[in-house]
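As the structure lists them, so they are numbered: ligands from 1, and atoms in each ligand from 1. Given the structure is predicted, the values throughout are model-derived calculations rather than measurements. Along the sequence shown, residues carry numbers from 1. Basis for what follows: all heavy atoms, side chains included, without hydrogens, waters or symmetry-related copies.
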Amino acid sequence: MIRVLIVEDEKPISNLIRLSLTKEGFHCTCAYDGAEAADLLEREPPYDLILLDVMLPEVDGFELMEYIRPLEIPVIFLTAKGAVADRVKGLRLGAEDYIVKPFDTIELLARIDVVLRRYKKCDMVLEVGGVKIDTASMRVWRDGEEISLTKTEYDLLLLFARNPRRAMYRETIYERVWGGDYPYGSKAVDLHVQRLRKKVGWEHTLRAVNKVGYRLEVET
Ligand code: CA
């Protein structure tokens with residue numbers, strides 16, 4: 001399980017992040033000031049990722065960064081809107097990325113995904129609904145037989161595989177796979193889902209959700 005340390009003094013933001021990450025299967029620990037975060041880093045088994053607010057009581061995010069750097073744990077800074085100087089400083093201090101508050105949890109999850117992949121902390125092989133996916137080589141198998149997918153189909157497969165039992169809006173699917181805003185009335189998602197279903201044998205597994213989009217019905 002991926003362990004995330006959330007260092008954020010604003011409780012509503014901290015809670016929102018914790019809830020969204022826990023739903024995705026991450027193990028979260030929260031610290032509400034810099035000193036508490038430093039204590040946790042000393043005592044607890046190593047974290048895989050730290051989400052770090054800049055403005056914190058006691059020890060601020062930048063000071064804490066000096067402490068974190070030797071531990072080689074990837075950091076994503078949470079910065080206030082418009083604080084460009086903070087973002088630059090954060091990246092110079094060795095942060096992997098930053099995200100500007102207020103942010104969408106989908107955006108946060110996407111950034112976490114990128115950072116963890118860069119650090120190779122994500123599961124390399126996923127097995128979902130009878131399909132085996134090797135995310136390092138981007139190869140896919142069903143019942144031992146390799147399946148050839150287009151890049152778009154592969155991205156779509158991975159998105160559903162990483163979000164089992166979750167109703168995904170067409171808009172969200174489009175944003176995550178194609179990037180950018182969903183063009184009104186687009187059939188791209190539906191067409192690709194139909195092809196993907198046939199190729200990987202998910203005709204009864206990847207279900208349409210009325211007026212929403214799709215949900216992958218699997219046991220995990
Ligand atoms: Ca703060």
- Between Y67 and E42, is any side-chain donor less than 3.5 angstrom from a side-chain acceptor? yes

- Ring center gap for F77 and F62 short of 6.0 angstrom: yes

- Protein N/O/S atoms closer than 3.0 Å to the Ca ion (ligand 1), ordered by chain and number, come to D9 OD1, D53 OD2, M55 O

- When rounded to the nearest 0.5 Å, the distance separating CG of L78 from CZ of F103 is 5.0 Å

- How would you list, by chain and number, every residue that makes a side-chain hydrogen bond (donor to acceptor under 3.5 Å, both in side chains) with Q194, sequence neighbours excluded? none

- Salt bridge between R176 and D155, side-chain N to carboxylate O under 4.0 Å? no

- Item | pair D53-K101: side-chain heavy atoms closer than 4.5 Å | yes

